[in-house]
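As the structure is a computational prediction, the values presented were derived from the model and not from experiment. Below, all heavy atoms of this structure are taken into account, side chains as well, without hydrogens, waters or symmetry copies.
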Amino acid sequence: MSLLENLLENVNTVAILGHIRPDGDCVGSCLGVYNYLSDNYPQIEARVYLEAPSEKYGYLRYFESICTDFSEDRQYDLCLCMDCSDTDRLGEAITFFHTAGKRFCVDHHITNKGFGDENVIIPDASSTCEVLYGLLEEGKISRQTAECLYTGIVHDTGVFKYQCTSEKTMTIAGRLMSKGIDFGSIIDDSYYRKTYVQNQILGRALLESITFFEGRCIFSVIHKKEMEFYGVGSADLDGIVEQLRVTKGVECAIFLYETDVHEYKVSLRSAGDLDVSRIAAYFGGGGHVKAAGCTMAGSVHDVINNLSGQIARQFQ
């Protein structure tokens, strides 16, 4: 009997939580385990709690069932935390974590120290969806569950381009494809396709980007007033840091967007040997060697200067 099956014994209610500002791996792993439970454990009442995810994941079954209201006064038998490196990243949903009878953490972030009663954390895995796949029975994975898991793997590997992609990752992706998923549409619709306005804000970010450290680094910033002008939210900014990363000669890409007065969400990407997880961790964030993030206070000049100091330490 698997660890997940053991945890589900005598469980009637399950809360499924992910991190704030959910990305593809977060949404995919949360809905992946939700679909798996719905298919194979219909007697269990489960619910997914997430901040409102991007509509581009709307093709996933039960996407419309995601609860974005965390005010419910309810205790669950089991809390499943997916793709979350620490409790601070649970946001307002942390109440369900604290009051649950049991807590199970499934993750792949190297910064995760294991905050659940039970933990499966595999830093070498490409994604939480890859870790989750190993906890599920192959024969019980439906096409809908496979769509969720494939989505998470695609997003955290940059469509199988990042160094976190392994032979095992590709094998799992192949097995998920054998479930009959429309893998081409998943990649196009959730990773590449953008609205006209999303392309506009991407264009502005690229046009106003600045290189430093003799072209080894690049950064761009989008302010709240610009987001309001274009009518975009944080989910519409997905992909900007990736486009900055593939600039010729760049080893580190930085993208900032303003979340409050003198407060910025920072996304970091490495195209060389730079470990951006160390940089993000220094400023209270986390992530992976090639992709990480944090929140920083100050002016744009302050933020970039502080980041530059940590980048310079690794460039030496």
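A salt bridge between Lys224 and Glu228 is absent, with no side-chain N of the basic residue lying under 4.0 Å from a carboxylate O of the acidic one. Using a cut-off of 4.0 Å between Lys/Arg side-chain N and Asp/Glu carboxylate O, Glu242 and Arg245 are scored as salt-bridged.
When all heavy atoms are compared, the tightest approach of Tyr257 to Ser234 is OH-CB, 3.3 Å. Here the closest non-hydrogen pair linking Thr295 and Arg21 is OG1-NH2, 4.0 Å. Counting all heavy atoms, side chain and backbone alike, Gln75 lies closest to Thr13 at O-OG1, 4.2 Å. Cys84 and His19 get closest at one heavy-atom pair: SG-CB, 4.0 Å. Here the closest non-hydrogen pair linking Ile141 and Ala146 is CG2-N, 3.9 Å. In plain terms, the two heavy atoms of Phe96 and Ala15 that are nearest each other are CB-CB, 4.4 Å.
Put simply, the side chain of Phe219 does not reach to within 4.5 Å of the side chain of Leu244, judged on heavy atoms. With contacts defined as side-chain heavy-atom distances shorter than 4.5 Å, the pair Glu226/Glu208 qualifies. By the 4.5 Å heavy-atom criterion applied to side chains, Ile153 and Ser126 are counted as neighbours. Two residues are said to be in side-chain contact when any heavy atoms from C-beta on lie closer than 4.5 Å; His109 and Asp83 meet this criterion.
No more than 12 heavy atoms of other residues, nucleotides or ligands sit less than 6.0 Å from atom CZ of Arg313. Residue Tyr230 places its OH atom among more than 12 non-hydrogen atoms of other residues, nucleotides or ligands, all under 6.0 Å distant.
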Begin from the C-alpha positions of Val11 and Lys102 and carry the test side-chain contact (heavy atoms from CB on, under 4.5 Å) through to its verdict.
CA-CA 9 Å; Val11 164; Lys102 293 185 289 186; 3.8 Å; yes

For the pair Phe213 and Glu251, evaluate side-chain contact (heavy atoms from CB on, under 4.5 Å) and give the outcome as yes or no after the intermediate values.
CA-CA 10 Å; Phe213 280 148; Glu251 297 175 46; over 6 Å; no

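Asp39 and Ser142 share a donor-acceptor pair across their side chains, judged by distance under 3.5 Å alone. Checked by atom type, the side-chain pair Tyr59/Ser185 shows no donor-acceptor distance below 3.5 Å. Between His155 and Asp238, the side chains place no donor N or O within less than 3.5 Å of an acceptor N or O (distance only, hydrogens not considered).
One distance of note links OG1 of Thr145 with CZ of Arg61; it measures 6.0 Å at 0.5 Å rounding. Here CD1 of Ile304 is found 4.5 Å from CD1 of Ile254. Values are rounded to the nearest 0.5 Å. Between the NE2 atom in His108 and the CD1 atom in Ile121 there is a gap of 11.0 Å [rounded to 0.5 Å]. To the nearest 0.5 Å, the span separating CG on Leu202 from CG on Leu207 amounts to 11.0 Å.
No option in Thr169, Thr157, Thr165 other than Thr169 meets the side-chain hydrogen bond (donor to acceptor under 3.5 Å, both in side chains) test with Glu130.
A cation-pi arrangement, defined by a distance under 6.0 Å to the six-membered ring centre and an angle within 45 degrees of its axis, is present between Arg103 and Phe97.
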